[in-house]
2 protein chains.
Amino acid sequence: MKAIIIIAGSEFVQGRKQDKNGLFIAKNLFERGVDVQGIIISPDSHYELLNYIKFALDRADLVFISGGLGPTTDDNTRMAVSEAIGVPLIYNEEWLNKLKTYYKSNNVEITEERKSMAKIPYGSAIIENPVGRAVGFIKVLDDIKKAVVALPGVPSEMEPMFYKALEMLNINEKKRYTKLFRVFGIKELDLNYLLNDMKDLSYNFSPKGIDVFLYDTTLESFKEKEKKIKDRLGTFIYAEDNLEMEEVVGKLLRENKKTVATAESSTGGLIVSRLVNVPGSSGYVLGGIVSYVNEVKINLLKVNEEDIKNFGAVSEPVAKQMVEGVRNLINSDLAVSDTGIAGPTGESPNKPLGLHYIGFTDGKETKVYKEIYQGSRNDVRLYISQFALNLIRLYLISNS
Amino acid sequence: MKAIIIIAGSEFVQGRKQDKNGLFIAKNLFERGVDVQGIIISPDSHYELLNYIKFALDRADLVFISGGLGPTTDDNTRMAVSEAIGVPLIYNEEWLNKLKTYYKSNNVEITEERKSMAKIPYGSAIIENPVGRAVGFIKVLDDIKKAVVALPGVPSEMEPMFYKALEMLNINEKKRYTKLFRVFGIKELDLNYLLNDMKDLSYNFSPKGIDVFLYDTTLESFKEKEKKIKDRLGTFIYAEDNLEMEEVVGKLLRENKKTVATAESSTGGLIVSRLVNVPGSSGYVLGGIVSYVNEVKINLLKVNEEDIKNFGAVSEPVAKQMVEGVRNLINSDLAVSDTGIAGPTGESPNKPLGLHYIGFTDGKETKVYKEIYQGSRNDVRLYISQFALNLIRLYLISNS
């Protein structure tokens with residue numbers, strides 16, 4: 001089955017806003033075995049929309065349209081579909097009554113424009129909107145065995161209505177098996193070497209690591225490949241599907257009943273902030289010190305002033321004393337620290353941009369890792385925060 | 001002038017990756033007075049691309065294609081353009097020689113596939129690739145007064161080549177004047193009231209505040225509207241164009257030679273992390289304490305244990321003592337603090353989800369603000385961090 005997705009919205013083609021509905025719909029269709037032949041972002045105008053809907057109906061079995069169902073003059077999807085398929089718009093009485101009740105209870109006049117949100121092409125099935133006022137619809141064109149699905153543009157309305165539409169169209173079953181393996185701590189070349197006999201993989205590289213995307217059309221072969229990847233990559237895989245490192249680390253900390261504290265210089269609070277992002281983190285994140293200047297390192301974390309003079313703030317002994325200092329200060333089980341040069345300035349002959357020392361301690365043993373990562377300031381900080389969180393993860397999986 | 005943008009890449013229509021080139025090209029064309037009639041995301045396949053290129057050439061004066069210029073079998077843009085316009089591909093000798101030199105010096109064999117990256121439709125002008133190997137091209141179709149522009153998909157290659165193409169097409173001049181006003185601390189209703197006589201404005205709402213987007217086609221009327229907005233919104237405007245709050249605050253701190261420290265509970269390091277995001281922030285960010293648990297509030301920030309017992313950790317006196325505590329501890333000029341309930345759990349009868357106390361001190365006077373913001377955990381934290389940063393901004397503009 002082939003589909004084309006149409007996104008209606010002048011804000012997108014005028015460069016004011018990034019559309020994300022296209023990606024959401026495409027991903028879900030792909031997983032259900034539907035081949036998406038295009039995501040077309042159209043201006044609001046009736047004429048353009050009409051052209052794209054006709055084009056899409058010529059080429060695809062399913063046309064999904066998101067946006068343009070509201071009450072303003074910029075909302076032209078209902079009319080454009082009606083004209084493209086040659087079927088008049090009628091009121092859906094059930095939805096119209098809901099609108100009347102709604103506006104009455106809010107003391108708002110129900111204008112013709114507002115009433116139009118209950119209009120659908122004759123013979124369509126409505127898709128109820130669980131959040132907003134605009135009703136969606138599916139019009140099946142029996143003679144040519146095609147269907148048009150119209151959904152609102154607001155994601156919180158569109159998403160549940162899209163799933164409902166899949167149910168109604170009976171294409172709810174997953175036909176493609178997909179999995180995302182999120183990998184950290186392995187070089188691209190080594191990863192290629194480990195996986196070079198495997199097809200149907202695609203890769204995405206970022207400061208957070210490498211995302212390995214697997215898909216297959218049969219469950220058996222999918223399971224086989226999944227196992228291969230897991231066996232070969234082992235603990236390099238920090239998460240599966242869309243979990244983030246901080247969620248994985250949070251889960252491990254909770255399971256192992258360990259608490260954590262951070263002493264951050266270069267990352268400036270990014271590590272602790274990512275940990276606190278996770279609901280329930282108050283159970284294991286005790287706190288952190290951002291010691292962005294030497295005085296705070298010395299006074300609060302008890303880093304030796306002489307060591308800073310002799311080795312510099314970006315050095316192995318400073319990372320070590322920072323992590324031990326914060327653990328003592330905050331009384332956590334585990335602690336991480338970092339000190340480094342995120343850029344764009346601050347390098348010296350012996351200390352290149354991107355140089356970092358990352359410390360980890362469990363109170364018995366302290367380890368310091370040296371890393372050089374080149375990139376924009378924020379990429380560097382993201383990478384270093386990922387590295388530090390990964391140290392906690394690796395410790396917990398080998399000590400639990 | 002009308003344009004259609006085509007993005008080639010199966011990763012986008014299979015839902016694996018978000019395209020961002022479409023938005024970039026659309027925004028730049030819009031500002032130069034070009035009407036973008038669509039952004040079409042196509043699979044890699046020759047057949048689909050060909051269809052879309054033909055469709056676009058039928059309807060638009062300019063067709064921009066991004067992606068599909070590389071050496072793999074998935075790269076079909078050159079062939080598809082060639083077929084769509086009925087002009088054969090030839091080698092551009094100049095670029096071919098560059099490729100030969102490049103691969104020779106890297107000891108890599110120059111295969112037919114790699115050579116294909118120097119192919120362009122007969123009669124095209126090349127757009128040199130300043131970063132990678134794939135050459136771009138502009139083919140002007142004199143008889144129908146249209147043009148096709150082919151660019152790579154990698155943003156760091158595409159962007160400079162796109163600007164070069166605009167120059168070559170002589171549509172470099174800005175014809176639409178646009179400005180983004182970023183506003184914080186004003187309610188939507190009040191903003192509407194202040195700006196309700198102004199057209200050509202669009203709005204975007206987020207936890208960071210309200211973005212007001214102005215555009216106009218004549219400089220004079222643009223300037224007039226710009227002035228009106230500035231006069232009416234005054235210090236509610238925290239930034240113009242794409243500056244972030246932390247950049248504005250950073251600039252003010254540097255100009256006023258003031259330093260800052262943070263004591264964060266609910267935001268968990270987000271405030272300090274945002275401040276440290278800005279290059280050069282080591283000049284004014286001294287550090288911060290993330291006191292996610294009461295022990296750290298009591299032991300490190302010297303918050304009175306009795307007050308926590310009597311009023312709770314989320315209370316006015318705790319926010320006050322936190323901000324004064326961190327200022328004393330870190331010896332900064334200014335400090336901010338927060339304590340609150342970001343959710344999704346933690347509310348009590350007197351303390352709803354989203355309740356926060358935000359403290360600010362300059363050492364002479366401490367103020368605590370009560371805010372309730374409802375939304376997802378991360379939205380709440382983002383809003384509170386924005387609120388705290390805004391306190392620093394407002395203090396510095398009224399005390400400088």
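Heavy atoms only: backbone and side chains are in, while hydrogens, waters and symmetry mates are out. Residue numbering restarts at 1 for every chain, and letters A, B, ... go by the order of the sequence lines.
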Enquirer: For a 4.5 angstrom cut-off between non-hydrogen side-chain atoms, does A:I40 reach B:I41?
Expert: no

Enquirer: Pick whichever of A:G287, A:P279, A:A261, A:S266 has the most heavy-atom pairs under 4.5 Å with chain B.
Expert: A:P279

Enquirer: Side chain, backbone, both or neither: which part of B:Y292 has a heavy atom under 4.5 Å from chain A?
Expert: both

Enquirer: Tell me, out of B:I271, B:I5, B:V293, who's got the most heavy-atom pairs with chain A below 4.5 Å.
Expert: B:V293

Enquirer: Within the supplied structure, the quantity of interest is the number of heavy atoms (other residues, nucleotides, ligands) at a distance under 6.0 Å from A:K2 NZ; does it exceed 12?
Expert: no

Enquirer: Might you point out which heavy atoms bring B:G38 and A:V13 nearest each other, and give the distance in Å?
Expert: CA-CG1, 4.0 Å

Enquirer: Side chain, backbone, both or neither: which part of A:V278 has a non-hydrogen atom closer than 4.5 Å to chain B?
Expert: backbone

Enquirer: Sort B:F213 into side chain, backbone, both or neither according to what part of it lies under 4.5 angstrom from a heavy atom of chain A.
Expert: side chain

Enquirer: Against chain A, work out which of B:S10, B:G15, B:G22, B:P344 has the most heavy-atom pairs shorter than 4.5 Å and name it.
Expert: B:G15

Enquirer: Measure across B:L329 and A:L300 and return the closest heavy-atom pair with its distance rounded to 0.1 Å.
Expert: CG-CD1, 3.4 Å

Enquirer: Kindly give the heavy-atom pair with the smallest separation between A:V36 and B:P43, and that separation in Å.
Expert: O-CG, 3.7 Å

Enquirer: Picking from B:R274, B:E264, B:K17, which has the most non-hydrogen pairs under 4.5 angstrom with chain A?
Expert: B:K17

Enquirer: Might you point out which heavy atoms bring A:S273 and B:G269 nearest each other, and give the distance in Å?
Expert: CB-C, 3.8 Å

Enquirer: Please state whether the side chain, the backbone, both or neither of A:R16 comes within less than 4.5 Å of a heavy atom of chain B.
Expert: both

Enquirer: A:K297 versus chain B, heavy atoms under 4.5 Å apart: side chain, backbone, both or neither?
Expert: neither

Enquirer: CD/A:E295 to OG1/B:T259 distance, rounded to the nearest 0.5 angstrom?
Expert: 10.0 Å

Enquirer: Against chain A, label B:S281 side chain, backbone, both or neither, depending on which of its atoms sit under 4.5 Å from a heavy atom there.
Expert: both

Enquirer: Specify which of A:L275, A:L23, A:T267 makes the most heavy-atom pairs with chain B at under 4.5 Å.
Expert: A:L23

Enquirer: What residues of residues 44-53 of chain B sit under 4.5 Å from chain A when you count only heavy atoms?
Expert: B:E48, B:N51, B:Y52

Enquirer: Of all of B:L270, B:L286, B:I289, which one pairs up most often with chain A through heavy atoms under 4.5 Å apart?
Expert: B:L286

Enquirer: Quick one: what part of A:I4 sits under 4.5 Å from any heavy atom of chain B, side chain, backbone, both or neither?
Expert: side chain

Enquirer: Do you know the tightest heavy-atom contact between A:V276 and B:R377?
Expert: O-NH2, 2.7 Å

Enquirer: Using non-hydrogen atoms only, which part of B:V296 is less than 4.5 Å away from chain A: side chain, backbone, both, or neither?
Expert: side chain

Enquirer: Using modelled atom types and a 3.5 Å cut-off, is there a donor and acceptor pairing between side-chain atoms of B:Q18 and backbone atoms of A:D19?
Expert: yes

Enquirer: For the candidates B:S265, B:S42, B:S282, which exhibits the highest count of non-hydrogen atom pairs separated by less than 4.5 Å from chain A?
Expert: B:S282

Enquirer: Go through B:G346, B:G280, B:G288 and name the one with the most non-hydrogen pairs under 4.5 angstrom from chain A.
Expert: B:G288

Enquirer: So for A:R59, is it side chain, backbone, both, or neither that comes closer than 4.5 Å to the heavy atoms of chain B?
Expert: side chain

Enquirer: Under a 4.5 Å heavy-atom cut-off, does chain A meet the side chain of B:N277, its backbone, both or neither?
Expert: both

Enquirer: Check each atom of B:S202 against the heavy atoms of chain A and say whether the ones under 4.5 Å are side chain, backbone, both or neither.
Expert: side chain

Enquirer: Between A:E11, A:Q14, A:K27, which residue shows the highest count of heavy-atom pairs closer than 4.5 Å to chain B?
Expert: A:Q14

